Amino acid sequence: MEFGIFENQLSHLNPPFTRILGFRRSPDVILRMEMERSMSLFQMMVNEGLVPSAEEEMKRRNAIDKLKKIVVEWVKTVTYQRGLPKKYLKFASGTILTYGSYGLGVYNSESDIDALCVGPYFATIAEDFFIVLHNMLASRPEVSEIHCVKDAKVPLMRFKFDGISIDLPYARLKVISIPENVDVFNPFFLKNIDDTTWKSLSGVRANRSILHLVPNIEIFQAVLRCIKFWAKRRGVYGNLLGFFGGIHLAVLSAFICQRHPSASLSALILLFFKTFGLWPWPTPVILQETIARPFIPADKVSWMPIQLPCSPYEFCHSNITRSTFYKIRTEFLRGHMLTKDMLRPDFDWNILFEPFPYARRYGLFVKIFLSACDKDELGDWVGWIKSRFRSLLVKLEELLGFCDPNPTEYVDTDASEPNVIFYWGLPTGRSDLIDADLVEEYFLKSIDNGYQGATGKMKLSVVKANQLPKKAQFAFERKNTKPCWRVVDDNRKKTNPQSKYKPHCADKYLPTNDSPEYPSAGG
Ligand SMILES: Nc1ncnc2c1ncn2[C@@H]1O[C@H](COP(=O)(O)OP(=O)(O)OP(=O)(O)O)[C@@H](O)[C@H]1O
Ligand SMILES: [Mg+2]
Ligand SMILES: [Mg+2]
């Protein structure tokens with residue numbers, strides 16, 4: 001008999017959770033309702049396409065296998081081009097290590113694959129990676145939109161492989177042959193590596209540490225999927241826009257899972273919002289206690305410090321500003337208010353995940369219109385501007401006291417050139433405090449160094465809520481207000497959990513057929 005993630009709770013209810021809920025009903029009733037909440041949440045994840053299909057998984061695995069082969073071939077080519085001894089040709093090799101949302105097993109169809117290319121000591125980043133490997137990739141029919149991002153903290157190549165976005169940084173180890181699943185914690189491989197390699201490896205090391213530290217990987221993945229979905233819907237996802245990136249949410253979710261090893265999915269979501277809604281920021285969130293804490297000068301302390309769980313235990317890079325801190329905290333508290341009475345009969349997950357109602361919340365918006373001659377140029381131009389967005393955000397904060405940078409990218413299909421538009425919420429009635437032309441001039445000056453691509457256009461203006469595209473104005477109106485999995489009242493007929501919508505993988509979240517279906521009401 002197998003109970004999956006509920007095993008502990010079936011034998012004895014998790015006492016802290018009963019206390020948190022403050023329910024005086026029989027633990028069995030609570031348990032059953034809690035399971036139903038978890039199940040309905042999982043159902044919603046499936047309905048929203050957050051759980052990839054088998055074909056999607058296969059497509060990504062194939063892409064990674066092909067990339068691995070290309071990397072091995074590349075290493076052989078470099079060995080030959082460098083005139084190294086013939087025996088090297090046999091042994092020299094490289095590999096691909098996946099990390100990010102793919103490595104954590106929480107990707108969906110929109111996610112990129114973060115793939116670290118690991119090569120031997122003689123394959124340099126400047127020539128062999130950014131030129132030789134670049135050309136090999138560019139000549140492949142599967143590859144499109146390839147460009148090099150050399151000036152980033154972690155330099156990388158970005159391209160599409162069979163339509164899947166790939167981020168490919170490079171790590172160079174002081175060996176000739178790289179094992180396919182090279183151990184990135186093994187000191188042997190970490191000896192004398194350069195700074196870029198160390199930074200590139202840290203992504204893989206951080207991800208593997210997270211998976212190592214959580215008590216149950218499957219439930220951690222489910223929590224993180226839900227939290228990422230929530231963050232995207234509520235407009236608090238996007239590191240460049242001053243919000244969370246995937247790594248921040250991964251550490252926060254792992255923190256909750258680690259502290260509540262036997263809690264169910266729904267309980268963990270409740271605990272997530274309770275914990276971080278009431279968290280005494282800027283106290284750092286630390287997944288793994290270490291003897292020595294990294295020293296951070298006072299002016300560099302982030303609004304929401306989140307530590308990476310691997311040496312040298314640095315804090316995740318963050319662009320959070322005063323405004324975005326305020327927005328994130330408000331959203332955490334909203335999540336807490338909405339989930340704290342999760343067992344009440346009219347509870348509905350859809351409300352938690354409602355899109356943030358920008359048009360209803362703000363009267364004014366700063367419109368940032370970016371365009372370029374073709375799609376490739378636009379991609380580079382938008383990427384560059386986004387990497388400088390923080391300075392625009394801080395300027396708007398200075399002028400108006402608050403700005404909410406909606407991360408959603410809109411497109412004006414009537415415009416003559418390919419374009420991307422952002423609408424950032426501003427406090428209503430403060431239009432007299434902002435001169436869009438002056439702000440545009442300031443921002444253009446602040447980004448005018450280092451960009452090597454063809455400069456596109458940028459136009460800043462202030463617009464009213466009713467000038468937003470319809471899609472943005474009504475995004476918050478729910479089409480389907482019914483919960484996707486009805487909550488069962490103790491005395492009413494139960495909804496059949498073997499609904500035709502139930503995904504196969506949902507079985508992990510429910511007792512199996514040969515287990516007691518649900519403990520009966522009142523024990
Ligand atoms: N701000 C950061 N600080 C530290 N490490 C980071 C940061 N941003 C990214 N990384 C590293 O790069 C990896 C991939 O980042 P990415 O932005 O693609 O996030 P992700 O978790 O893959 O989410 P998504 O599904 O949106 O791609 C992270 O898992 C992390 O290891
Ligand atoms: Mg990613
Ligand atoms: Mg990425």
Side-chain angles (χ1 to χ4, degrees), residues 49-52 56 60 63-64 96-117 145 147 149 152-161 164-171 184 196-214 220-221 223-233 235-254 284-285 287 294 296 300 302-321 324 379 383 386-387 389-390 407-409:
L50 303 183
V51 182
E56 187 75 45
R60 279 166 191 256
I64 292 160
I96 291 283
L97 300 176
T98 54
Y99 64 112
S101 53
Y102 184 83
L104 290 174
V106 295
Y107 65 95
N108 60 33
S109 52
E110 289 165 23
S111 314
D112 62 357
I113 298 182
D114 299 287
L116 176 67
C117 170
E145 298 173 41
H147 34 240
V149 188
K153 246 181 135 187
V154 176
L156 49 84
M157 280 196 271
R158 186 163 279 167
F159 52 92
K160 290 210 165 144
F161 196 97
I164 306 163
S165 300
I166 311 275
D167 272 357
L168 189 79
Y170 181 51
V184 291
T196 306
T197 296
W198 183 256
K199 282 186 194 140
S200 303
L201 281 174
S202 103
V204 179
R205 287 159 54 84
N207 275 39
R208 303 219 165 154
S209 301
I210 292 172
L211 291 178
H212 182 71
L213 289 167
V214 293
F220 159 72
Q221 289 168 332
V223 171
L224 181 52
R225 273 186 206 286
C226 292
I227 295 299
K228 268 178 110 163
F229 181 56
W230 162 83
K232 286 180 185 173
R233 280 286 178 90
V236 291
Y237 190 78
N239 191 27
L240 296 177
L241 276 289
F243 295 113
F244 290 130
I247 186 69
H248 305 101
L249 295 181
V251 176
L252 296 187
S253 302
V285 177
L287 207 49
I296 302 178
K300 291 270 186 307
S302 156
W303 287 85
M304 291 184 157
I306 298 170
Q307 195 183 55
L308 285 166
C310 63
S311 70
Y313 299 99
E314 287 169 346
F315 287 94
C316 301
H317 179 258
S318 162
N319 288 315
I320 295 177
T321 69
T324 57
K386 276 168 73 176
S387 71
F389 261 168
R390 196 175 190 277
T408 310
E409 300 180 10

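All ligand and atom numbering here is 1-based and tracks the order in the structure. Everything numeric here is computed off the predicted structure, so don't read it as measured data.
Atom 16 (P) of ligand 1 has Asp114 OD2, 4.0 Å as its closest protein atom, hydrogens excluded (heavy atom only). Nearest protein heavy-atom contact of atom 20 (P) of ligand 1 is Ser101 N, 3.6 Å. Nearest protein heavy-atom neighbour of atom 27 (O) of ligand 1: Asp112 OD1, 2.8 Å. Counting protein heavy atoms only, atom 7 (C) of ligand 1 is closest to Ile247 CG2, 3.5 Å. The protein heavy-atom contact nearest to atom 3 (N) of ligand 1 is His317 N, 3.0 Å. At the shortest separation from atom 17 (O) of ligand 1 among protein heavy atoms lies Gly246 N, 4.8 Å.
Between Asn108 and Leu50, the shortest heavy-atom distance links the atoms CB-O, 3.8 Å.
Panel note: side chain Asp112, backbone Ser165; no donor-acceptor pair is recorded below 3.5 Å. Listed for the Tyr237 side chain is no donor-acceptor partner under 3.5 Å among the backbone atoms of Phe229. Looking only at distances, no side-chain donor or acceptor of Arg208 sits under 3.5 Å from a matching main-chain atom of Gly203. No donor-acceptor pair under 3.5 Å is formed between the side chain of Arg205 and the backbone N or O of Cys310. Not one N or O on the side chain of Gln307 forms a donor-acceptor pair closer than 3.5 Å with the backbone of Leu287. A donor-acceptor pair is defined here as one N or O able to donate and one able to accept, closer than 3.5 Å; no such pair exists between the side chain of Thr324 and the backbone of Phe243. Side-chain atoms of Arg158 do not come within 3.5 Å of backbone N or O of Val149 as any donor-acceptor pair.
Of the options Tyr237, Tyr107, Tyr102, the smallest heavy-atom separation from atom 26 (O) of ligand 1 is shown by Tyr237.
The salt bridge (Lys or Arg N to Asp or Glu O under 4.0 Å) search around Arg60 returns Glu56, not counting sequence neighbours.
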- Message: Between Phe220 and Ile210, does the side-chain contact (heavy atoms from CB on, under 4.5 Å) criterion hold? Intermediate values first, please.
- Response: CA-CA 10 Å; Phe220 159 72; Ile210 292 172; 3.6 Å; yes
- Show the numbers, then the answer: is there a side-chain contact (heavy atoms from CB on, under 4.5 Å) between Glu314 and Ser202? CA-CA 10 Å; Glu314 287 169 346; Ser202 103; 5.8 Å; no
- Message: Please evaluate residues Ile247 and Asn239 with respect to the criterion side-chain contact (heavy atoms from CB on, under 4.5 Å), reporting the C-alpha separation (whole Å), side-chain torsions for both, the decisive distance (0.1 Å), and the verdict.
- Response: CA-CA 10 Å; Ile247 186 69; Asn239 191 27; over 6 Å; no
- For side-chain contact (heavy atoms from CB on, under 4.5 Å), just list the numbers for Leu168 and Ile96, CA-CA rounded to whole Å, side-chain angles, deciding distance to a tenth of an Å, and then say yes or no. CA-CA 9 Å; Leu168 189 79; Ile96 291 283; 3.7 Å; yes
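A salt bridge links Glu409 to Lys386: at least one charged side-chain nitrogen sits closer than 4.0 Å to a carboxylate oxygen.
Distances between N or O atoms of Ser202 and those of ligand 1 include no value under 3.5 Å. Annotation: Lys232 places no N or O atom under 3.5 Å from an N or O atom of ligand 1; distance criterion only. In terms of polar-atom proximity, Asp167 is not counted as a contact of ligand 1, lacking any N or O under 3.5 Å from an N or O of the ligand.
Excluding waters, the set of protein N/O/S atoms under 2.8 Å from the Mg ion (ligand 2) reads Asp112 OD1, Asp114 OD2.
Proximity of Val154 to ligand 1, defined as any heavy-atom pair under 4.0 Å, is not found for any part of the residue. When non-hydrogen atoms are compared, ligand 1 lies under 4.0 Å from the side chain of Asn239 (C-beta onward) but not from its backbone.
Within ligand 1, the atoms closer than 4.0 Å to a non-hydrogen atom of Tyr99 are 12 (O), 13 (C), 31 (O), numbered from 1 in the order shown. Ligand 1 places these atoms under 4.0 Å from at least one heavy atom of Ser111: 25 (O). Those atoms of ligand 1 that come under 4.0 Å of a heavy atom in Gly203, given as number and element, are 31 (O).
The closest approach between Glu314 and ligand 1 stays at or above 4.0 Å for every heavy atom of the residue.
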